[in-house]
Amino acid sequence: MNACIATIAARAEKLGLEVRGIFRGLQGLVNADTIPIGVELEGLARRGGSFLGTSRNGRLESKLIDMGIEEAMKHCGVDGLIVLGGGGTLEALGKLAIGGAPIIGVPCTIDNDIFGTDYALGFDSAVNKALRAADEIMDTAESLSERVFMIETLGGRAGHMALETAYSAGADAVFVHEVEPGIDAAINKIKTKMDAGGTHGLVVLCENLGLESIARQLEEGTGRRIRITVLGHTLRGGNPTYFDRNLARQFGETAFDLLVSGETEKMVACVGKDIVSVPLEHIAGKKRDLDMHKYDFVNQR
Ligand code: F6P
């Protein structure tokens, strides 16, 4: 997100336009907590997250409804908004800003569940971290045999991160919220493989699925020791990958250009190799679908 903000600041400076950063998302918008930002931000571009911070507070949305988005923008001294946020934030803004408000959304979430874009900022960096962890764990798995390793990713209730990690790491099974977990099938698959001389098993699962209970069932079913790694918030930090930084630049440039050309209530999106824009109202109430081909490949291979 820092790379995206720095790109917007650089683009604005070229045109002689002033950019203000709003601290802590909707909280800063409601309270007019802003700071002028410029090209000096470039040094932050390699860092993950956003130096502006964020907020998770459902009450802010109703405050913004009472206030009116145009009024909040006036209060902050801005003529247009570029909002970097997850599905919830972008959807809320889409609902609030009915009638041509100068708002452009940039999809940002490691969960990658926003409808209308193949990628949200942060996802590639998080999956690469999870994959690196899986690779490192496999070094032990191959030398200390007869164990089943479980890796829990973040993702909220979206399985994209767990699935992409499992698919790329060559896991034996993946468990996600979108599909009823096939624990018996996973047990059979891992047991058959290990009985035939395979050194280890690897299972990746999304958070909030009942890790302990699944681990117990796998341990009983396979008769092998289970070792668990919870990756948690490590996945939300660190320097972003090339892909994410490049996408952040492209999203930042496109979002800025859309705003100055008078576009309203759009989200920038990556579809295939193209950077496009979609109306905010089109993403409301929808989620990006899980890739069922990859899910079946991991679990049925
Ligand atoms: O929505 C992004 C996300 O990283 C989820 O994957 C995760 O459940 C959550 O945020 C973690 O944040 P918190 O600590 O606020 O639950």
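In each ligand, atom 1 is the first atom listed, and ligand 1 is the first ligand listed. All values below were derived from every heavy atom in this structure, side-chain atoms included, with hydrogens, water molecules and symmetry-related copies excluded.
- Counting atoms of ligand 1 from 1 in the listed order, those under 4.0 Å from a heavy atom of Ile110 are 4 (O).
- For the atom pair Thr264 OG1 and Leu280 CG, the distance stands at 9.0 Å (nearest 0.5 Å).
- Atom 3 (C) of ligand 1 has its closest protein heavy atom at Arg236 NH1, 3.2 Å.
- Checking Arg157, His233, Glu207 against atom 13 (P) of ligand 1, the nearest heavy atom belongs to His233.
- The contact set between ligand 1 and Leu154, taken as ligand atoms under 4.0 Å from a residue heavy atom, comprises 4 (O), 6 (O).
- Lys63 NZ: 12 or fewer foreign heavy atoms inside a 6.0 Å radius.
- Here is the list of ligand 1 atoms found below 4.0 Å of a heavy atom in Arg56: 9 (C), 10 (O), 11 (C), 12 (O), 13 (P), 15 (O).
- Taking CD1 from Ile103 and CG from Leu258, the interatomic distance works out to 13.5 Å, rounded to the nearest 0.5 Å.
- Set against the non-hydrogen atoms of Gly156, the atoms of ligand 1 under 4.0 Å away are 5 (C), 6 (O), 8 (O).
- Among all non-hydrogen protein atoms, the one lying nearest atom 6 (O) of ligand 1 is Asp111 OD1, 2.6 Å.
- Residue contacts with ligand 1 do not include Met161, since none of its heavy atoms lies under 4.0 Å from the ligand.
- Under 4.0 Å is where a charged nitrogen must lie from a carboxylate oxygen, and between Asp172 and Lys193 at least one such pair does.
- Remark: Lys266 pairs with Glu263 by the salt bridge (Lys or Arg N to Asp or Glu O under 4.0 Å) rule, at least two apart or across chains.
- Using a 3.5 Å distance cut-off with no hydrogens or angles, the side chains of Arg20 and Thr34 do pair a donor with an acceptor.
- Take Ala158 and apply the side chain to side chain contact (heavy atoms under 4.5 Å, CB included) test, not counting sequence neighbours, and it matches Asp111, Asp113, His160, Glu178.
- Close to ligand 1: Gly155, with a non-hydrogen atom less than 4.0 angstrom away.
- For atom 16 (O) of ligand 1, no protein non-hydrogen atom is found at a distance below 4.0 Å.
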